[in-house]
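Keep in mind it's a predicted model, so treat the numbers as computed, not measured. Computed over heavy atoms, backbone and side chain alike; hydrogens, waters and symmetry mates excluded. First listed ligand is number 1; within each ligand, the first listed atom is number 1.
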Amino acid sequence: MSERISLADPVLGEAEKEALARVIDEGWLTMGDRVKSLEDAFARLHGVEGAVAVSSCTAGLHLCLAALDIGPGDEVLLPSLTFVATANTVLYAGARPVFVDIQRMDLPHLSMEDARAKLTSRTRGVIVMHYGGYPVDLPGWRAFADAHGLKLVEDAAHAPGVGEVGRWGDAAAFSFFANKNMTTAEGGMVLARDPVVLQDIRFMRAHGMTTGTLDRHRGHAHSYDVTMLGYNYRMDELRAALGLEQIRRLGQWNARRRKLAGYYRRVLGQALPVVIVPFQDGQETAAHLMAVLLPADAARERVMDQLREAGIQSSIHYPPVHQFSYYRDRFGPVCLPLTEGFSKRELTLPLHPSLTEAQVERVVGTLQRALEKS
Ligand SMILES: *Cc1c(COP(=O)(O)O)cnc(C)c1O
């Protein structure tokens with residue numbers, strides 16, 4: 001059996017173990033100084049004034065929509081080529097998701113043309129998703145949102161630490177789930193342009209309460225009021241301690257991911273020119289996913305089986321949300337030809353900071369043999 005190559009490996013070590021042990025020794029487990037420090041570090045990373053740490057990106061997206069006052073009767077434009085969480089949060093807010101196709105097979109971002117065609121008098125927001133860590137055309141989407149009086153939300157789960165991400169949307173949510181570019185096991189972060197919206201998100205994260213337990217513990221406040229409907233979407237100190245270790249190395253990991261993605265591109269270009277690699281070489285990216293498109297007639301499941309037999313994990317990003325039973329039953333059939341075509345041919349190859357160039361060559365070599373057989 002050859003060495004196993006996993007799709008996404010978190011980088012965890014002594015630093016994280018020690019950070020967790022320190023929290024346990026100190027005994028303050030949640031909503032403390034570490035959460036605040038992680039928020040400050042993340043805000044600095046994205047060049048903004050403030051950030052709110054949350055229990056997941058899903059919770060964060062829900063808060064973005066709620067704080068932007070998107071609710072029942074409203075329609076939200078969003079990709080179907082995304083993780084189901086993006087669409088679920090629109091339902092949590094009580095709004096209706098309106099699925100929009102992608103631009104092209106080699107540019108799987110939300111299509112502005114299709115979004116424009118799907119505008120109605122009820123459209124209140126648009127969620128863009130930075131697929132694979134490649135930022136969408138943010139100035140373009142900002143202008144689109146402004147022209148049509150919409151709120152712009154960024155699902156930035158794939159793109160922590162990337163240039164302008166999180167600065168153009170009215171609000172943006174990032175994920176620190178175990179397989180993302182930096183992890184707190186479960187966790188996420190929210191940014192918002194308007195400080196009032198960010199403050200609302202901060203209150204909504206903890207039941208709409210006007211003061212936190214640490215403020216009361218330190219004698220800054222004795223009681224609290226509840227001024228809005230909130231949730232328990234808090235991050236704890238253990239997770240924040242992990243995040244503080246991870247965020248220090250995020251830049252270096254993202255650079256390594258970009259380098260490996262470039263190497264994949266070159267090796268695939270030579271060995272398998274029939275395989276399409278979306279996006280462009282040298283484009284700004286957090287290189288979260290190594291997504292490729294197999295030839296239309298390739299038997300993808302057999303290819304994935306052969307990769308697995310060689311110890312190589314692969315995946316599909318994503319089965320279109322509009323085709324899931326729940327969404328079909330609730331909203332009826334939707335036709336998104338490019339999303340469906342992309343999703344049928346897409347294969348995600350291993351990409352993480354600890355991968356080696358030799359492993360990239362082994363993945364591509366195995367893929368080449370599997371495609372010849374299929
Ligand atoms: C991972 C992911 C999410 C959800 O993140 P959680 O932190 O697990 O809630 C949302 N959107 C996209 C595109 C993701 O990849």
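Residue-ligand proximity: G187 is placed with a non-hydrogen atom under 4.0 Å from ligand 1. Judged by the shortest distance from any of its heavy atoms, K180 lies inside the 4.0 Å radius around the atoms of ligand 1. Heavy-atom distances between Y131 and ligand 1 stay at or above 4.0 Å for every pair.
Looking at C57 against ligand 1, both its backbone and its side chain come within 4.0 Å, counting heavy atoms.
Protein heavy atom in closest approach to atom 10 (C) of ligand 1: D155 OD2, 3.6 Å. Looking only at heavy atoms of the protein, atom 7 (O) of ligand 1 is closest to S175 OG, 2.7 Å. Closest protein heavy atom to atom 15 (O) of ligand 1: H158 NE2, 2.8 Å. T58 OG1, 3.6 Å is the protein heavy atom nearest to atom 4 (C) of ligand 1. Here the heavy atom of the protein found nearest to atom 8 (O) of ligand 1 is F177 CB, 3.8 Å. Nearest protein neighbour of atom 14 (C) of ligand 1, counting heavy atoms only, is A157 CB, 3.4 Å.
Close approach to Y318 involves these atoms of ligand 1, each under 4.0 Å from a residue heavy atom: 13 (C), 15 (O). For ligand 1, the atoms sitting less than 4.0 Å from at least one non-hydrogen atom of T86 are 11 (N), numbered in the order shown with element in parentheses.
Between P295 and L371, the closest side-chain pair of non-hydrogen atoms falls below 4.5 Å.
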message = Between V321 and T82, does the side chain to side chain contact (heavy atoms under 4.5 Å, CB included) criterion hold? Intermediate values first, please.
response = CA-CA 7 Å; V321 177; T82 182; 4.1 Å; yes
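Checked for salt-bridge contact, E357 and R256 meet the test: a charged N lies under 4.0 Å from a carboxylate O. We find that R308 and D305 are joined by a salt bridge, their nearest charged nitrogen and carboxylate oxygen being less than 4.0 Å apart. Between R44 and D40 no salt bridge is recorded (no basic side-chain N to carboxylate O distance below 4.0 Å).
Between the side chain of R345 and the main chain of L294, a donor-acceptor pair closer than 3.5 Å is present.
Considering backbone and side-chain N/O of T82, none are found under 3.5 Å from N/O of ligand 1. Considering both main-chain and side-chain atoms, F176 never comes within under 3.5 Å of ligand 1 through any nitrogen or oxygen pair.
Ring geometry for Y131 against Y318 counts as perpendicular: the plane angle is over 60°, on a 0 to 90° scale with 30° as the lower cut.
Hydrophobic clustering (side-chain heavy atoms under 4.5 Å, transitive across Ile, Leu, Val, Met, Phe, Trp, Tyr) groups L138 together with L77. Criterion: ILVMFWY side-chain heavy atoms under 4.5 Å apart, direct or through other members. Under it, I70 and F331 are part of a common hydrophobic cluster.
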